[in-house]
Amino acid sequence: MKSVIIVYHSGYGHTQKQANSVYEGAKSVDGVEAKIFSVTEIDAHWETLNAADAIIFGAPTYMGSVSAEFKKFMDASSKIWFTQKWLNKLSAGFTNSGSPSGDKFNSLVQLATFAAQHGMTWVNLGLLPSNSINSTPADLNYSGSSFGAMAQSQHDAPSAPHSGDLATAHHLGKRVAEMSLKLL
Ligand SMILES: Cc1cc2nc3c(=O)[nH]c(=O)nc-3n(C[C@H](O)[C@H](O)[C@H](O)COP(=O)(O)O)c2cc1C
């Protein structure tokens with residue numbers, strides 16, 4: 001049995017929906033146990049993270065970078081970095097913002113750099129972009145991301161993020177779970 005954990009922050013609930021979809025995707029794979037933790041409760045779960053096969057990181061994009069709450073988690077993990085307890089685990093990332101771009105790529109780069117500091121192996125999104133003339137936000141990978149999963153939550157849209165972004169998040173969770181069975 002492989003263990004995949006999703007660690008996320010969400011200030012206002014939108015990234016939480018994306019995180020839940022990543023979790024559902026990971027959980028859907030036979031032979032994988034998935035767990036999901038908010039960074040606000042992470043102090044109770046460091047040992048579980050240390051024992052995981054894969055950790056998927058997710059944060060909203062605030063001011064062009066990961067949220068301060070998520071950065072606190074990153075900084076707190078430096079104690080683990082000293083002993084390289086996450087070395088060779090799989091990793092991946094997702095982020096959500098108000099604008100179509102919103103500088104989300106920078107947040108994914110931050111997450112991948114963070115994973116690299118821990119010696120983790122980064123799993124990318126593995127999806128072609130949806131960029132034909134008939135594309136809609138209900139499509140998989142409407143953002144055309146390759147590094148990780150992106151979602152857009154317009155500030156006045158009650159059902160945000162878009163359904164396609166949630167499906168993309170589900171795909172990422174499933175992909176990391178499948179990779180953990182294949183590679184580890
Ligand atoms: C402090 C703050 C900074 C933000 N900065 C950005 C930004 O740089 N780019 C963007 O597109 N949206 C930005 N937003 C919008 C959020 O990314 C968006 O509302 C997102 O859905 C929030 O996710 P959450 O509900 O999980 O907190 C910002 C929101 C806040 C509160």
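Every value quoted in this text rests on a predicted model; they were computed, and no experiment measured them. Note that ligands are numbered from 1 as they come in the structure, with each ligand's atoms numbered from 1 the same way. Along the sequence shown, residues are numbered consecutively beginning with 1.
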Under a 4.0 Å heavy-atom cut-off, which residues neighbour ligand 1? S10, G11, Y12, G13, H14, T15, P60, T61, Y62, M63, G64, N96, S97, G98, S99, G102, S153
Salt bridge check: are K182 and E178 linked by an N-O gap of less than 4.0 Å? no
Check whether [X] reaches the backbone of [Y] with its side chain - one donor and one acceptor, N or O, closer than 3.5 Å.
X	Y	result
S10	Q16	yes
N106	G64	yes
S135	S130	yes

Who pairs with F57 by ring-ring contact (aromatic ring centres under 6.0 Å, His included), at least two apart in sequence or on another chain? F114
Testing D165, N131, L125 for side-chain contact (heavy atoms from CB on, under 4.5 Å) with N141, which one passes? L125
